[in-house]
Amino acid sequence: MNHNAPKAAPVAKKVAHVRRAHDYEFVDNYEWMRDKDSVDTQAYLEAENAYTEFKTAHLATLRDNLFTELKSRVQETDMSVPVRVEEFWYYDRIDEGQSYGRSCRVRADLDPRWQDQWNPPEVSADAPIDGEEVLLDREELAKEHEFFSLGGASVAKGGRYMAYATDTSGDERYDLRIKDLNTGELLPDAIDGMTGNFDWLGDNYLFYTRCDESWRPYQVWRHVLGTPASEDQLVYEEPDERFWIGVGASRSEKFMFIVAGSKLTSETRVLDFADPTGTFSVVKPREEGVEYDVSEVYIGDTWWWMVTHNAHGPNSELGLAPIFDADGSFAQVDLEQLTVLVEHRPDVRLQGVDTFKKQAILGYRESGVGKVALLKLPERVEDIGSFTPIEFDEELYSAGFAQNPEWDSPVLRMVYGSFTTPACVMNFDVATGQRTVLKQQEVLGGYNPADYLAERVWVSARDGAQIPVSLVRRADLDVSVAQPTMLYGYGSYEACVDPSFSCARLSMLDRGMIIAYAHVRGGGEMGRLWYDDGKIMKKRNTFTDFIDVADALLERGVTTREQLVADGGSAGGLLMGAVANMGGDRFKAISANVPFVDPLTSMLMPELPLTVAEWEEWGDPLHSKEVYDYMATYAPYENIEAKPYPNILATTSLNDTRVLYVEPAKWIAKLRDLATAGEFLLKTEMAAGHGGVSGRYESWRQDCFERAWIINQATGLEV
């Protein structure tokens, strides 16, 4: 027995700090925790970690069992399906015991098996591959660091140089290096403190972004291979603090784009590859409230933009516009003069188009499901047809095109999966529609999809809105009686919680749990208006939707209050905090990962990372009393009351730049001070960022810690 284990929860000291805004004063007793480097803050976080370890010690066996089960289902020695780029096939491989793996390639002309232009051979991850080059050994890069994240890696045209960016603290500031793949040596070129966003123009120029003190990517720089970073040229700076920028090359390698976007407005700049030191041209000047995106196609003898935009309706339309004027300069797009290919529809949300030399792929959402459609490009623009949906058999699924770097490919790489179908990588032949499965995620131990069920049910919100809910369970579970249930929600940024397979989830299902996903307003599952109805001055819909779903599960006998646990992270953690205040009596427990539970304080501090850009998501309480008053009605930290609460586990990371650790730390301290019932636990990862710890085994253990707590709260199980 550990006699030094804490027997009582830490009690945070109170230091009155007055937050003033408009004609209000809010006394915050725990704002002192914002000083990350203070001895008191560090001691408090460590005390909370020790207390959480003590209070969850009885779950050690369950955590170990979950970890063992997860490992037993995962093919630990594995490799990705190779992707052809020019004269090489590229892939990642990882061996049993490794956390990060390696990036590799093989020349297509070294072995007859690799000489098919589009279809890789079947190879085993357990066997050596003749001619394999290890481009990046991530195990070696990570071995001296507690945290390691690869922000990106990109090989220049011709295949000689690779640029890669690494973060070794979790704060999402990256250091970029360039490797000569012919010699294995690093070039003296070194770019530190960038954002992780970069791309090559040819084999000599590298464009990348930097962020300001508020972590906003706001500058694009041009680097010339072989020169010091001190000589890099600033090519664009975004002055509007609401806008983030990104840079990237088109698949055709004809254009380099700079995209500036706020939550409501976007603007694209373009540079011809033929003029790498030239000036970027604006495709369409920004117009408040209008978002647009462009991708190039070549039809006949003319380059065209395919333009997706929301100027004529919230769910967007798609049209064609010429890229160049008669004199060869870039033309500016007029959204009123497009050749419309797909009109706006109130029941279909266009999400964007991906273009190739001979085809275009449209992503869209209909009836709460993400779908894709194909358009074969004609020889003449006058003959252009319509997009044809690509159909699948399951009701709930995720499908999309990815890892298709080659502009002229007649065969497209596709990824498909569902709640019960492990992820499947296939080639889609554009001419014939034939699908060839290249690899399906292997689930070891005899997994049978027929043993599990996923279904969609609908719940009426209090204002009549129909909320889609996805339910996943074992097929043999007795649903005539209430069962332990985890209800997950997010509901922000138009993000969609789409069906995907999870080996870790199987351990919960096999212990008799139902996993429910509430697709609440603020997400994008039901179109742009679904998002608009759950943000700024309608944000409370997100919380009441979630509570209404919980009520429906209880009323329909799916579960009981003693068996229902809520789960959400980041912006979904805000949902958890608001629900704890507004409807916590529906739940036995709530798990909140990196939760955004002090939004009013954060949105009043424009100097913090993300704040100004986030005003278009949450509202601007600094300059609007109306917004302040509205946010004050739901902000979790301000609305804690002296009443019973469900048990709450909050997890966070010390180096998180998106949701600062101080928010859950203050939240737990205040809950413990005011609540009349409930157990409140805080676990802080001291060397991690927003995504948690790094390395696959470490991440698995972190996930198993949270899942063990949820399982125990819902079922009482400790094994």
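Heavy atoms of other residues, nucleotides or ligands lying less than 6.0 angstrom from CD of E379 number 12 at most. By the neighbour-count criterion of 12 heavy atoms within 6.0 Å, atom CG of D393 is sparsely surrounded, having that number or fewer from other residues, nucleotides or ligands. A 6.0 Å sphere centred on CD of E626 holds no more than 12 heavy atoms belonging to other residues, nucleotides or ligands. Enclosure of atom CD in E237 by more than 12 non-hydrogen atoms of other residues, nucleotides or ligands within 6.0 angstrom is indicated.
Remark: R286 qualifies as a cation-pi partner of F243 under the 6.0 Å distance and 45° angle criteria applied to the six-membered ring. Under the 6.0 Å distance and 45° angle rule, R105 counts as a cation-pi partner of F88.
No hydrogens or angles considered: nothing links the side chains of Q403 and Y90 as a donor-acceptor pair under 3.5 Å. A side-chain donor from one of Q466 and S460 sits under 3.5 Å from a side-chain acceptor of the other. Side-chain contact check for N427 and T436: no donor-acceptor pair (N or O, by modelled atom type) lies under 3.5 Å. For the 3.5 Å distance criterion, the side chains of S570 and H690 qualify, holding a donor opposite an acceptor. With no hydrogens or angles considered, a side-chain donor-acceptor pair links H312 and E336 at under 3.5 Å.
Considering every non-hydrogen atom in both V81 and P120, the closest pair reads CG1-CG, 4.0 Å. Residues W89 and D116 share a closest heavy-atom pair of CZ2-O, 3.1 Å. Contact between S409 and Q359 at its shortest, heavy atoms only, is O-NE2, 2.9 Å. The nearest pair of heavy atoms linking V353 to S295 is O-CB, 4.0 Å. Contact detail for K357 and L377: the closest heavy-atom pair is O-CD1, 3.7 Å. Residues A165 and G196 come closest through the heavy atom pair CB-CA, 4.3 Å.
Using a 30° and 60° split on the angle between ring planes, F330 and W305 fall in the parallel class, below 30°. Between F392 and Y416, the ring planes lie parallel to each other; the angle is under 30°, not in the 30° to 60° tilted range.
The backbone N or O of W615 sits nowhere less than 3.5 Å from a side-chain atom of D620 that would complete a donor-acceptor pair. Under the 3.5 Å distance criterion, the side-chain polar atoms of E238 are left unmatched by any main-chain donor or acceptor of P217. A donor-acceptor pair under 3.5 Å is formed between the side chain of K535 and the backbone N or O of E616. One N or O on the side chain of W200 and one on the backbone of S154 form a donor-acceptor pair closer than 3.5 Å. A donor-acceptor distance shorter than 3.5 angstrom exists from the side chain of N197 to the backbone of V247, with no hydrogens or angles considered. A donor-acceptor contact shorter than 3.5 Å links the side chain of K539 to the backbone of G534. With hydrogens and angles ignored, the 3.5 Å screen pairs no side-chain donor or acceptor of S149 with any backbone N or O of G151. Here the side chain of T611 pairs a donor or acceptor atom with the backbone of S602 at under 3.5 angstrom. Without hydrogens or angle criteria, Y364 side chain to V348 main chain gives no donor-acceptor distance under 3.5 Å. Side-chain atoms of R380 never come within 3.5 Å of backbone atoms of D383 as a donor-acceptor pair (strictly under, hydrogens ignored).
For the pair E394 and T420, the minimum side-chain heavy-atom distance is below 4.5 Å. Counting heavy atoms from C-beta outward, R345 and N315 have side chains that stay 4.5 Å or more apart. Taking the side chain as every heavy atom from C-beta outward, Y218 and P239 never approach each other to under 4.5 Å. Taking the side chain as every heavy atom from C-beta outward, L396 and D498 never approach each other to under 4.5 Å. A 4.5 Å side-chain heavy-atom check between L374 and V430 finds at least one atom pair inside the cut-off. You'll find the side chain of L574 reaches within 4.5 Å of the side chain of F543, heavy atoms only. The closest side-chain heavy-atom distance from L608 to W215 is not below 4.5 Å. Two residues are said to be in side-chain contact when any heavy atoms from C-beta on lie closer than 4.5 Å; R173 and C211 meet this criterion.
Taking CD1 of I245 as the reference point, atom CD of Q219 lies at 7.5 Å (rounded to 0.5 Å). In this structure, I536 CD1 and K263 NZ are separated by 10.5 Å, a value rounded to the nearest 0.5 Å. Remark: D354 CG to L362 CG distance equals 10.5 Å, nearest 0.5 Å. The distance from atom CZ of R462 to atom CG of N541, rounded to the nearest 0.5 Å, is 9.0 Å. For the atom pair OH of Y531 and OG of S492, the computed distance is 8.0 Å after rounding to the nearest 0.5 Å. The distance from the OH atom of Y174 to the CG atom of D167 is 5.0 Å, given to the nearest 0.5 Å.
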Walk me through it: do L206 and F198 pass the test side-chain contact (heavy atoms from CB on, under 4.5 Å)? CA-CA 7 Å; L206 189 75; F198 60 91; 4.1 Å; yes
Candidate pair R210 and I191, rule side-chain contact (heavy atoms from CB on, under 4.5 Å), full reasoning: CA-CA 10 Å; R210 289 193 180 276; I191 302 170; 3.5 Å; yes
With side-chain contact (heavy atoms from CB on, under 4.5 Å) as the criterion, how do T355 and W407 come out once you've worked through the C-alpha distance, each side chain's angles and the decisive distance to 0.1 Å? CA-CA 8 Å; T355 57; W407 170 248; 4.2 Å; yes
Residues V294, M306; criterion side-chain contact (heavy atoms from CB on, under 4.5 Å); working and verdict: CA-CA 5 Å; V294 297; M306 276 195 172; over 6 Å; no
Take S316 and H309 through the side-chain hydrogen bond (donor to acceptor under 3.5 Å, both in side chains) test and state the conclusion after the steps. CA-CA 5 Å; S316 296; H309 70 93; over 6 Å; no
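A salt bridge is defined here as a Lys NZ or Arg NE, NH1 or NH2 lying under 4.0 Å from an Asp or Glu carboxylate O, and R528 with E494 meets this definition. Contact check on K371 versus E366 returns a salt bridge, with a Lys/Arg side-chain nitrogen under 4.0 Å from an Asp/Glu carboxylate oxygen. The existence of a salt bridge linking R222 and D232 is excluded, since no basic side-chain nitrogen approaches an acidic carboxylate oxygen closer than 4.0 Å. The pair E213-R216 does not count as a salt bridge, with every side-chain nitrogen at least 4.0 angstrom from each carboxylate oxygen. Salt-bridge formation is detected for the pair K157/E86: a Lys NZ or Arg NE/NH1/NH2 atom is positioned less than 4.0 Å from an Asp or Glu carboxylate oxygen. By the 4.0 Å N-to-carboxylate-O rule, R251 lies too far from E296 to be salt-bridged with it. A salt bridge between R242 and E288 is present, with a side-chain N of the basic residue lying under 4.0 Å from a carboxylate O of the acidic one. The residues R521 and D545 are annotated as salt-bridged, a charged nitrogen and a carboxylate oxygen being separated by less than 4.0 angstrom.
Taking the six-membered ring for Trp and the full ring otherwise, the centers of W618 and Y634 sit at least 6.0 Å from each other. In this structure, the ring of W530 has its center no less than 6.0 angstrom from the ring center of H519. Outside the 6.0 Å centre-distance limit, the rings of Y517 and Y490 are not counted as a close aromatic pair.
Of the options K439, M414, Q440, a side-chain contact (heavy atoms from CB on, under 4.5 Å) to C424 is made by Q440 and by none of the others.
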